[in-house]
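One structure coming up, written as structure tokens, with questions to follow.
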Amino acid sequence: MEKKTETKKTIFSGIQPSGNLNIGNYIGAISQWVSMQEKYNCIFSVVDYHAITVKQNPEELKQHILEITKIYLAAGIDPEKSVIFQQSAISAHTELAWILNCYGARIADLNKMTQFKDKAGKNQESVSVGLYDYPVLMAADILLYDTELVPVGEDQKQHVELARDIAKRFNNDYGNIFTIPQAVIRKEGARIMSLLEPSKKMSKSDSNQNNCIALLDTPEAARKKIMRAVTDSGTDIEYDLENKPALSNLLTIYAQLGNREIPRLVKDYRGKGYGEFKKDLADVVVKFLTEFQTKYNKISDKEVQKILANNQKIVEAIANKKLTEVKRAIGIS
Ligand code: AMP
Ligand code: TRP
């Protein structure tokens, strides 16, 4: 990372190395990060301690940590400009999370978290405590770096708001220790929906991967998934979230991956059928994936390991400084 300058704001974001990253993750989160690199001090984490809130296979987890780092790089995160690091390598994250568990985070807040309710479903009593406490670790991630902006997809907004509340409460009691962060959510593409069930979000933990286009899907598999995606009744290509949610989602994917404006697409497809639209969309997705994967395949495991090791030192210094400040404020250092 370029030396932190006072005029540049810090942004922080992360993705869990679990499951297969998909175009929802790319459009909602990573593509935003790429465009923010010039203007901000950027820190992007591979949040492996978040991933273990649900059981992971050790070998797969190890692989996913490398894979996700390569995905950041292939998507255009430049290690000369931004810091990419592995969360678990910096112990300040879990230490601060514990402190925030005791100072600032409240049971009533966590009980409101919709992601926990969705993920735990009917098993709220038997899932791990970690899954419940997940947003507090996320608050620690954000608050350690004086983060001002947190670029994420729509589903993470509530967690960023909790981080704000925790920071405000802590500051109220112990002085101006934390910067109050703010979520940055893109206007279009903040919630890419599933291909077969457009009422739910495209999710990398979906048991039916036909709902998702993974960034590492073969282009031909992705083409088939697009051709099989559900459409709405009617024949016109229209953007109408209420009445044509499936088509609106496909238009959003087309616009984001094909670098087009939705109104322009609607105009271009006037009088044409769903079949032609989907075929063209499949071409756009195939082109995007082919280019992305060409870059991905050029990055070696060794290169990734080197970047993670180098960056560990940079973030550790920043994180430890903030942790020491916090410990001093509460009287344990
Ligand atoms: P996750 O897959 O939950 O680890 O999410 C990683 C990042 O991708 C977060 O910023 C999410 O908000 C974002 N994200 C996940 N799924 C989607 C989606 N379907 N549409 C847009 N953004 C998403
Ligand atoms: N909870 C986020 C997700 O699932 C990942 C995450 C962990 C994160 N820590 C973060 C995102 C800090 C932004 C900032 O998508």
Side-chain angles (χ1 to χ4, degrees), residues 10-33 36 42-54 56 64-65 67-68 71-72 75 83-88 90 93-94 96-97 100 113-116 118-119 130-164 166-167 181-195 197-206 211-215 245 248-249 252-253 256-257 315 319:
T10 296
I11 76 162
F12 184 102
S13 197
I15 299 183
Q16 304 171 64
S18 57
N20 301 318
L21 251 69
N22 61 46
I23 56 169
N25 300 118
Y26 175 81
I27 295 171
I30 307 173
S31 70
Q32 273 207 89
W33 306 353
M36 293 173 113
C42 295
I43 308 177
F44 303 117
S45 186
V46 176
V47 288
D48 47 357
Y49 272 159
H50 278 101
I52 63 163
T53 54
V54 296
Q56 301 289 335
H64 277 138
I65 292 167
E67 189 177 290
I68 205 172
I71 286 177
Y72 288 1
V83 172
I84 302 174
F85 80 102
Q86 188 178 344
Q87 180 194 37
S88 64
I90 310 296
H93 287 249
T94 39
L96 181 61
L100 298 179
M113 296 294 121
T114 53
Q115 181 172 299
F116 174 74
D118 288 348
K119 283 197 175 173
L131 189 66
Y132 183 67
D133 200 33
Y134 173 118
V136 181
L137 178 59
M138 179 162 161
D141 297 340
I142 296 169
L143 299 179
L144 272 176
Y145 300 95
D146 283 329
T147 304
E148 288 183 66
L149 302 173
V150 186
V152 281
E154 170 72 35
D155 61 332
Q156 296 301 314
K157 195 169 168 212
Q158 194 182 30
H159 289 161
V160 180
E161 269 158 20
L162 177 63
R164 281 170 71 86
I166 291 176
Q182 204 185 326
V184 185
I185 310 228
R186 55 183 325 149
K187 283 196 196 81
E188 276 166 17
R191 193 171 168 81
I192 298 296
M193 309 309 278
S194 134
L195 297 177
E197 295 164 79
S199 58
K200 64 178 208 186
K201 76 158 196 166
M202 185 180 285
S203 162
K204 60 179 151 68
S205 51
D206 198 318
N211 273 323
C212 313
I213 308 270
L215 291 170
S248 303
N249 187 45
T252 304
I253 295 172
Q256 292 298 325
L257 299 186
V315 279

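When a ligand or atom number is given, it counts from 1 through the structure's own listing order. Basis for what follows: all heavy atoms, side chains included, without hydrogens, waters or symmetry-related copies. Keep in mind that this is a model prediction, so the values were computed, not measured.
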message: Are the side chains of Leu100 and Leu143 in contact, using a 4.5 Å heavy-atom criterion?
response: yes

message: Show the atoms of ligand 1 that are less than 4.0 angstrom away from any heavy atom in Asp155.
response: 11 (C), 12 (O)

task: Answer whether the closest heavy-atom distance between the side chains of Ile15 and Ile30 falls below 4.5 Å.
output: yes

statement: Quick note on ligand 2: atoms under 4.0 Å from a heavy atom of Val152 include exactly 11 (C), 13 (C)

message: Test your reading of the structure: does Gln156 have an N or O sitting under 3.5 Å from an N or O of ligand 1?
response: no

message: With respect to Met202, determine whether any N or O atom, backbone or side chain, lies less than 3.5 Å from an N or O atom of ligand 1.
response: yes

query: How close does the nearest protein non-hydrogen atom get to atom 8 (O) of ligand 1, and which residue and atom is it?
result: Asn25 ND2, 3.1 Å

message: Among all the protein's non-hydrogen atoms, which is closest to atom 5 (C) of ligand 2, and how far away is it?
response: Gly14 O, 3.4 Å

message: Check for me whether the distance between the ring centres of Tyr145 and His93 falls short of 6.0 Å.
response: yes

- prompt: Which residue holds the protein heavy atom closest to atom 4 (O) of ligand 2, what is that atom called, and what is the gap in Å?
  reply: Tyr134 OH, 2.7 Å

- request: Using a 4.5 Å cut-off on heavy atoms from C-beta on, say whether the side chain of Ser199 contacts that of Met193.
  value: no

- request: Answer yes or no: does an N/O atom from Ser13 fall short of 3.5 Å to an N/O atom of ligand 2?
  value: no

message: Are Gln115 and Tyr134 packed together at the side-chain level, in the sense that at least one heavy-atom pair is separated by less than 4.5 angstrom?
response: yes

message: Against Trp33, only a single residue in Phe12, Tyr72, Tyr26 fulfils ring pair (Phe, Tyr, Trp, His ring centres under 6.0 Å); can you say which?
response: Tyr72

Spacing of Ile23 atom CD1 and Leu195 atom CG [to the nearest 0.5 Å]: 6.5 Å

task: List every atom of ligand 2 that sits less than 4.0 Å from any heavy atom of Ile142, numbering the atoms from 1 in the order shown and giving each element.
output: 12 (C), 14 (C)

message: I need the nearest protein heavy-atom contact for atom 3 (O) of ligand 1: residue, atom name and distance, please.
response: Gln16 NE2, 4.0 Å

field: For His159, the option from Lys157, Gln156, Glu161 that meets side chain to side chain donor-acceptor pair (under 3.5 Å)
entry: Gln156

query: Less than 3.5 Å between some nitrogen or oxygen of Gln156 and one of ligand 2, yes or no?
result: yes

statement: closest protein heavy atom to atom 10 (O) of ligand 1 is Gly153 N, 3.1 Å

query: Can you find an N/O atom of Gln16 closer than 3.5 Å to an N/O atom of ligand 2?
result: yes

task: Answer yes or no: does atom CZ of Phe116 have more than 12 heavy-atom neighbours from other residues, nucleotides or ligands under 6.0 Å?
output: yes

- prompt: Which ligand 1 atoms, with their elements, are less than 4.0 angstrom from a heavy-atom of Ala190?
  reply: 20 (N), 21 (C), 22 (N)

message: Residue-level breakdown please: for Ser205 versus ligand 1, do any non-hydrogen atoms fall below 4.0 Å on the side chain, on the backbone, on both, or on neither?
response: neither

task: Scan side-chain atoms only and decide if Asp146 and Thr10 contain a donor-acceptor pair under the 3.5 Å cut-off.
output: no

- request: Note the single closest protein heavy atom to atom 9 (N) of ligand 2, along with its residue, its atom name and the distance in Å.
  value: Asp141 OD2, 2.7 Å

field: Atoms of ligand 2 close to Val150 [distance to a heavy atom under 4.0 angstrom, numbered from 1]
entry: 13 (C), 14 (C)

- prompt: Hey, is ligand 1 close enough to Ile192 that some N/O pair sits below 3.5 Å?
  reply: yes

query: Which of the numbered atoms in ligand 1 are below 4.0 angstrom from a heavy atom of Lys201?
result: 15 (C), 16 (N)

Residue that, paired with Arg186, satisfies side chain to side chain donor-acceptor pair (under 3.5 Å) out of Gln32, Glu154, Gln256: Gln256

- prompt: Got an N/O contact under 3.5 Å between Gly24 and ligand 1?
  reply: yes

Ligand 1-proximal atoms of Lys204, by part, heavy-atom distance under 4.0 Å: side chain

statement: Closest to atom 12 (C) of ligand 2 among protein heavy atoms sits Phe12 CE2, 3.5 Å

- prompt: Is the shortest heavy-atom distance from the side chain of Met202 to the side chain of Asn211 under 4.5 Å?
  reply: no

field: Close-contact set for ligand 1 against Val152 heavy atoms, below 4.0 Å
entry: 10 (O)

message: Are Ser18 and Lys204 packed together at the side-chain level, in the sense that at least one heavy-atom pair is separated by less than 4.5 angstrom?
response: yes

- prompt: Can you list the atoms of ligand 1 that are under 4.0 Å from a heavy atom of Ala29?
  reply: 7 (C), 8 (O), 10 (O)

query: What atoms of ligand 1 come within less than 4.0 Å of a heavy atom belonging to Gly189?
result: 21 (C)

- request: For residues Asn249 and Ile192, determine if any side-chain heavy atom of one lies less than 4.5 Å from a side-chain heavy atom of the other.
  value: yes

field: Sidechain-backbone polar pair: Ser13 side chain, Pro151 backbone, donor-acceptor under 3.5 Å
entry: yes

